[in-house]
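Notes for the one structure printed next.
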Amino acid sequence: MGKIQEKLKQLKELWNHPAKGRFLPIKEVGFLGLYTLGSSFIMTAITYVVTITEVPLLYEIDAIHGYLIMLIGTLLNLILQPVIGYFMERTNTKYGKYKPYILLSLPLAGVFGILATFIPQLGETGRIIFAYTTCVPALFISNYIGYMYQTMPNVITPNAQERADIMTPVGLVYGFAPSVLQIIAGPIRAHFLELGKEYMGLRIIGIISIIIGILCCLFIIRVKERVYDVSGAKKEEMSFFGSLKMLFKNKPLMIVFFALILGSLREFWRTFMTLVIRFRFADTVTMALNLSGIPLTIIGFASTVAMVLLPICTRKLDKKLIIIIFSILNAISLAILAIVGFENIAVGTPSLIMITIFFFIAAINPTYLIIPLLLGDIADYQQYKTGRRLEGHIQTLLFTVPGLCSFGFMLLGSIVQKEIGFEQRLYAGLDVIPDNLQEIGCNWFNITLIISIVSLLLLVAIIAFYPLSKKKHEEIMKELEKRSSDSEWIEEAKEEAVDFSLESNESADKVQEDSASIVTPPEVADIVEDKVEDKPIDENNI
């Protein structure tokens, strides 16, 4: 009983103070979680409408417009994100370098997020114009908010394992918004679909989600930024293109960059998942939408499984190996479904069960959680090499460019889609889908599986060459701590640290014995000391 009380006392202390070897008190993780929830609500509301499949369906316009809107929105990110990153590098306010850019994006998210989910009832020309003028900026804002959400864990702690550990609770919170929508949005849409006013349900979902999202995002103000300042000897100005040129010499970055481009269609099947449900889960669209909450929640739960596995896997395996293992698992699941074929699974309960199971397995992949962590590792490496983190530019190469390429590839795929004759607008307002349209849809859905499988295998082939191992990153972080010219927050973390291990009981003694090592995990402290203090890191191996 005494041990339990002692642990409870230590946990209470952890609310305001970090554990030894860590930087984040529990309350900051909580504030980060609320910010994450807000980001999720905003992005979920926008992407519930602004997708390749939903834009043509809801606006009742040709399928090509869905592809073009997504492509233009991502192109806008490609143009503006490096500019934002350029100014971010030169920003230094009492709120930090990164948070001001999150706060400035919220009013735009409110305006364009609500407009994008409004779905006005105009003539065809009016609907097309409205779709481009609202969905394109809404998509840009949604992508930008997503990039910042993925960046923040890397700038609030320099401890790589702590970054991975907080991604689980934060990721669970992130998944709350889409989980809520998966449960309630289907019945809401089905209700208004019966009234011939499906757009009204989307308006309600959009307004409520955006308002909740903005309020929750404001909690990011309460989270501190903790980035090593090693710029004392590197204060010379660098041009925008000079910064980009510097990045192209970063070997780990370039490998991940090309892997993400070739693997950018690895989840192409998800793009048409909601249409698969409308087609195959019941004899009528209304019934399928009413039933969609449970299977979508189950498929969405795969992300929760991935989040729980992430901190476990990162303790045992390099991030590269985790991506490879789960990508191959995803490809096998999709391959089985493609071999069987959607048309060979009976509409109704058989389709609902079988498709849900294989989509669930295909969705268990912590890659999307690991990519932000790789961004942090790569930014640390960039800072070690040049004194600059360049996160804004790295975001462009790891998120925006692959996203743009994915929509470019999809645009090429739209040629095949058009040849097959699959146009979403043909299904608008239909409650019973004729057999000929079912056949066309199944043909296209099978092709999306094949495209996803090829993309997954290409991702695996390139990421296998990623050279920045866990051990090498630990050495780099130790070196950055030594070089840091701004140690105030480092010393503050050491002084406030609570003697409490977040690791397993087997490693508890090691954590306490080596508690002076803030950044480097205790089990590699001796290795790091030898390699960093006695001789330089072998850059050629990195």
Side-chain angles (χ1 to χ4, degrees), residues 18 21-24 28-29 31-33 35-36 39 81 84-85 88-89 91 95-102 143-171 173-174 220 223-231 247 250 252-253 256-257 260 307 310-311 314 318-320 322-323 366-400 466 468 470 472-474 476-481 484 486 489-490 493 518-521:
R22 301 295 176 108
F23 291 88
L24 295 171
E28 276 196 58
V29 177
F31 290 138
L32 179 67
Y35 156 70
T36 298
S39 299
Q81 187 67 29
I84 295 172
M88 198 181 292
E89 282 291 315
T91 299
Y95 295 110
K97 293 171 66 70
Y98 306 89
K99 288 183 288 186
Y101 293 90
I102 294 174
N143 288 338
Y144 176 76
I145 288 175
Y147 300 158
M148 294 308 298
Y149 147 68
Q150 292 170 320
T151 297
M152 286 309 296
N154 299 310
V155 300
I156 62 177
T157 172
N159 186 315
Q161 187 59 54
E162 188 173 20
R163 293 171 183 172
D165 290 344
I166 65 176
M167 286 301 286
T168 294
V170 167
V173 172
Y174 178 83
I220 193 61
V223 182
K224 295 180 181 178
E225 295 178 10
R226 300 173 180 87
V227 177
Y228 291 129
D229 180 7
V230 296
S231 60
L247 286 177
N250 187 323
L253 172 60
V256 178
F257 173 61
L260 292 179
M307 293 168 197
L310 179 65
T314 52
D318 277 335
K319 299 180 182 74
K320 171 181 70 176
I322 297 171
I323 293 174
T367 298
Y368 281 107
L369 297 173
I370 291 178
I371 297 305
L373 298 179
L374 287 180
L375 183 151
D377 292 353
I378 290 169
D380 295 333
Y381 175 71
Q382 186 68 44
Q383 188 178 25
Y384 160 74
K385 294 282 286 185
T386 67
R388 301 172 184 268
R389 293 183 64 82
L390 301 176
E391 264 129 340
H393 299 296
I394 295 175
Q395 283 178 352
T396 300
L397 294 179
L398 295 191
F399 298 129
T400 308
Y466 181 72
L468 190 56
K470 182 177 181 179
K472 289 174 182 175
H473 179 258
E474 288 163 351
I476 287 169
M477 295 310 295
K478 187 67 176 179
E479 177 65 18
L480 287 177
E481 183 183 4
S484 178
D486 180 10
W489 60 265
I490 305 174
I518 293 294
V519 176
T520 309

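Because the structure is a prediction, the values reported are computed rather than measured.
- The closest donor-acceptor contact from the side chain of Tyr35 to the backbone of Tyr149 lies under 3.5 Å.
- Taking 4.5 Å as the limit, some side-chain heavy atom of Met477 sits within range of a side-chain heavy atom of Asp380.
- Counting heavy atoms from C-beta outward, Tyr144 and Ile84 have side chains that approach closer than 4.5 Å.
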Please lay out, stage by stage, how Gln383 and Leu480 fare under the test side chain to side chain contact (heavy atoms under 4.5 Å, CB included). CA-CA 8 Å; Gln383 188 178 25; Leu480 287 177; 3.8 Å; yes
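- Smallest separation of non-hydrogen atoms from His473 and Asp377: NE2-OD1, 3.2 Å.
- Counting only heavy atoms from C-beta outward, the side chains of Leu398 and Leu253 approach each other to under 4.5 Å.
- Annotation: side chain of Phe23 is in contact with side chain of Asn159 (closest heavy-atom distance under 4.5 Å).
- Summarising the geometry, atom CG belonging to Leu373 is positioned 11.0 Å from atom CD1 belonging to Ile378; distances are rounded to the nearest 0.5 Å.
- Nearest approach of Lys99 to Glu225, heavy atoms of both residues: N-OE2, 3.0 Å.
- Within the 3.5 Å criterion, the main-chain N or O of Thr157 finds no donor-acceptor partner in the side chain of Glu162.
- Remark: the backbone N or O of Asn250 is not paired with any side-chain donor or acceptor of Gln382 at under 3.5 angstrom.
- Closest heavy-atom contact between Pro158 and Arg226: CD-O, 4.2 Å.
- No side-chain heavy atom of Asn143 sits less than 4.5 Å from a side-chain heavy atom of Gln81.
- Note that CD of Gln150 is 11.0 Å distant from CE of Met148, once rounded to the nearest 0.5 Å.
- To the nearest 0.5 Å, atom OH of residue Tyr381 and atom OG1 of residue Thr386 are 10.0 Å apart.
- The two residues Pro153 and Ile166 come nearest to each other via the heavy atoms CB-CD1, 4.0 Å.
- Counting only distance, with no hydrogens or angles, the side chain of Lys319 and the backbone of Leu468 share no donor-acceptor pair below 3.5 Å.
- Between Tyr98 and Ile220, every side-chain heavy-atom pair lies at or beyond the 4.5 Å cut-off.
- Across every non-hydrogen atom of Leu24 and Pro18, the tightest pair is N-CB, 3.7 Å.
- With contacts defined as side-chain heavy-atom distances shorter than 4.5 Å, the pair Tyr466/Asp318 does not qualify.
- Put simply, the side chain of Lys97 does not reach to within 4.5 Å of the side chain of Val155, judged on heavy atoms.
- Separation of atoms CZ (Arg163) and CD1 (Ile370) is listed at 14.5 Å; rounding is to 0.5 Å.
- Panel note: side chain Asn154, backbone Pro372; a donor-acceptor pair is recorded below 3.5 Å.
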